[in-house]
Number of protein chains: 2
Amino acid sequence: MRNLSPTAKVILGILTLRPRSGYEIKQFVDRSTRFFWTASYGQIYPELRRLEEAGLVEGADEATGDRARTTYQLTSNGKQAVRAWLREPPETYELRHEGMLKVFLADALPPSERAQRLLDMRDQNLAKLEQLRAVEAGIPEESRKGSTYLTLRFGIESSEWAAAWCERAARQVDSDATSRKRK
Amino acid sequence: MRNLSPTAKVILGILTLRPRSGYEIKQFVDRSTRFFWTASYGQIYPELRRLEEAGLVEGADEATGDRARTTYQLTSNGKQAVRAWLREPPETYELRHEGMLKVFLADALPPSERAQRLLDMRDQNLAKLEQLRAVEAGIPEESRKGSTYLTLRFGIESSEWAAAWCERAARQVDSDATSRKRK
DNA sequence: AAAATCATGTAATGGGTTACATGATTTA
DNA sequence: TAAATCATGTAACCCATTACATGATTTT
């Protein structure tokens with residue numbers, strides 16, 4: 001069995017929770033993993049078919065009248081594949097962070113404008129924080145546990161930390177700029 | 001002037017520091033921005049030509065004997081384009097984090113194995129931390145300032161924070177697992 | 001003399017988003 | 001009955017990595 005494609009990883013992973021259709025998988029991704037692992041229809045549907053062909057998932061027809069619907073569940077090979085993958089140490093870590101790049105390059109702007117790059121990055125973090133808090137608000141008290149909730153907490157706490165860091169750094173940069181001016 | 005491609009952003013940004021050849025740009029990316037913005041030869045060389053065609057950079061022949069070498073510098077249009085871009089609020093923020101996905105899905109494994117996903121993620125952070133510390137070690141005392149150094153500090157401090165968070169969470173998860181067993 | 005590094009480039013491939021297309025069912 | 005949502009899918013792009021190709025110069 002050859003390597004799982006990135007999209008196969010989320011799909012199989014999500015199907016460990018319960019069987020879902022492609023449409024539902026997409027919805028679930030958008031509500032939960034999207035902050036660290038995205039997937040689009042253009043990837044999900046073709047991948048589901050490949051996975052079925054490979055014998056890792058099995059589709060079941062669940063049409064409602066004339067509206068098509070296929071839910072997929074893991075086969076025993078599929079379950080085994082997910083567990084095997086989960087046990088491997090993680091490899092992929094890709095980040096493309098424009099806010100960070102702008103902070104990195106801020107010296108190309110006049111001193112008075114540099115701190116703003118940090119405040120922009122702070123705001124980016126605060127916006128993310130708001131989204132994550134909204135997600136959390138939709139989770140009933142008794143469900144606030146388990147792995148999925150843990151990652152949400154990581155998202156929230158790391159955003160808070162990052163926003164505070166940016167704020168601090170911005171103040172520093174700003175006071176440097178004004179003190180140098182005063183001289 | 002149409003939108004800057006992702007690779008154009010790093011290239012133009014790096015050229016604000018000083019003129020460089022494609023080869024040097026790649027080296028610089030690998031030593032500095034790679035943690036939040038990558039670029040490969042397959043993107044850099046074609047993009048440099050597109051940017052020259054668009055009048056944002058200008059190449060100068062600096063061959064050494066028979067060895068070709070073209071260094072590029074920003075044109076005034078180019079400088080203007082970078083500054084304009086830097087002033088826009090950042091948009092791109094893409095993360096693909098396998099460690100996080102595995103933590104998210106850890107409940108698919110038996111309780112005794114769940115904490116390991118968090119320890120793996122901690123180790124990923126510690127590995128990154130080590131790389132960043134090595135980068136820092138190569139920077140002379142008097143150069144430890146400015147925007148570029150600031151982002152390095154962010155990388156270091158956020159990795160430390162994340163590693164500590166994972167460690168804490170792993171202990172929590174582990175004690176949950178063993179206490180539930182004891183019952 | 002060999003190995004490392006400098007230097008530039010392209011073709012194959014992979015992975016992904018976006019926009020488009022289509023139509024059913026449910027809700028307001 | 002109109003709008004929203006459910007549901008599936010594809011084609012056109014875009015972006016990127018990898019491997020390959022080539023050869024000069026510098027260091028060991």
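Below, read A as the first sequence line, B as the second, and so on, with proteins coming before strands; counting in each chain starts at 1.
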Worksheet item: So, is B:Gln27 near the phosphate of C:dC6, with a side-chain N or O under 4.0 Å from OP1 or OP2?
Response: yes

Worksheet item: To the nearest angstrom, how far is A:Phe28 atom CZ from D:dA7 atom P?
Response: 16 Å

Worksheet entry | Partner set under side-chain contact (heavy atoms from CB on, under 4.5 Å) for B:Tyr93, not counting sequence neighbours | A:Leu95, A:His97, A:Gln124, A:Lys128, B:Leu95

Worksheet, complete the sentence: residues 150-161 of chain B vs salt bridge (Lys or Arg N to Asp or Glu O under 4.0 Å), sequence neighbours excluded, gives B:Arg133-B:Glu160, B:Glu136-B:Arg153, B:Arg153-B:Glu157

Worksheet item: Between C:dT8 and B:Tyr23, is there an OP1 or OP2 to side-chain N/O distance shorter than 4.0 Å?
Response: no

Fill in: Rounded distance (Å) that lies between atom P of C:dT8 and atom CZ of B:Arg69
7 Å

Discussion item. Test side chain to side chain contact (heavy atoms under 4.5 Å, CB included) on A:Ser159 and A:Leu132; report intermediate values, then the result.
Written reply: CA-CA 9 Å; A:Ser159 300; A:Leu132 291 171; 4.0 Å; yes

Using atom names, set out every protein N or O paired with an N or O of nucleotides 14-18 of chain C below 3.5 Å, distance rounded to 0.1 Å.
residue: C:dG16; atom: OP1; partner: B:Arg96; partner atom: NH1; Å: 2.1
residue: C:dG16; atom: OP2; partner: A:Thr7; partner atom: OG1; Å: 3.0
residue: C:dG16; atom: OP2; partner: A:Gln43; partner atom: NE2; Å: 2.9
residue: C:dG16; atom: N7; partner: A:Gln43; partner atom: OE1; Å: 3.2
residue: C:dT17; atom: OP1; partner: A:Thr38; partner atom: OG1; Å: 3.2
residue: C:dT17; atom: OP2; partner: A:Ser40; partner atom: N; Å: 3.2
residue: C:dT17; atom: OP2; partner: A:Ser40; partner atom: OG; Å: 2.6

Fill in: Spacing of A:Tyr45 atom OH relative to C:dA21 atom P, expressed in whole Å
18 Å

Worksheet item: Looking only at side chains, do A:Glu58 and A:Thr75 share a donor and an acceptor under 3.5 Å apart?
Response: no

Item to complete: Figure out the CZ/C1' separation between B:Arg50 and C:dG9, and round it to whole Å.
Response: 13 Å

Discussion item. Pairing donors with acceptors under 3.5 angstrom, does anything connect the side chains of B:Glu47 and B:Ser5?
Written reply: yes

Practice prompt. Using atom NZ of B:Lys26 as one end and atom C1' of C:dT5 as the other, report the distance to the nearest whole Å.
Written response: 15 Å

Worksheet entry | Plane angle bin for B:Phe28 and A:Phe104 - parallel if under 30°, tilted between 30 and 60°, otherwise perpendicular | tilted

Worksheet item: Could you go step by step and tell me if B:Ile156 and B:Val135 meet the side chain to side chain contact (heavy atoms under 4.5 Å, CB included) rule?
Response: CA-CA 10 Å; B:Ile156 289 173; B:Val135 172; over 6 Å; no

Item to complete: Measure from CD on A:Glu24 to P on D:dT5 and round the result to the nearest Å.
Response: 16 Å

Worksheet item: Over how many whole Å does the gap from A:Glu98 atom CD to D:dC15 atom P extend?
Response: 13 Å

Worksheet item: Between B:Trp165 and A:Phe154, how do the two ring planes meet: parallel, tilted or perpendicular, split at 30° and 60°?
Response: perpendicular

Discussion item. Could you check whether A:Lys102 pairs with A:Asp120 (Lys NZ or Arg NE/NH1/NH2 to Asp/Glu carboxylate O, under 4.0 Å)?
Written reply: no

Discussion item. Filter on salt bridge (Lys or Arg N to Asp or Glu O under 4.0 Å), then keep only pairs touching residues 161-177 of chain B, sequence neighbours left out; what's left?
Written reply: B:Arg122-B:Glu167, B:Glu167-B:Arg171

Practice prompt. Respond yes when some side-chain nitrogen or oxygen of B:Arg49 is under 4.0 Å from OP1 or OP2 of C:dT10, and no when none is.
Written response: yes

Worksheet item: Using the C1' atoms of five pairs at each end, what's the angle between the two axes of the helix from C:dA1-D:dT28 to C:dA28-D:dT1, to 10 degrees?
Response: 30°

Would you tabulate the pairs of protein nitrogen or oxygen atoms and nucleotide nitrogen or oxygen atoms of nucleotides 26-28 of chain C closer than 3.5 angstrom?
none

Discussion item. How many whole angstroms separate atom CD1 of B:Ile25 from atom C1' of C:dT8?
Written reply: 13 Å

Worksheet item: Are B:Trp85 and B:Gln80 linked by a side-chain donor-acceptor pair shorter than 3.5 Å?
Response: no

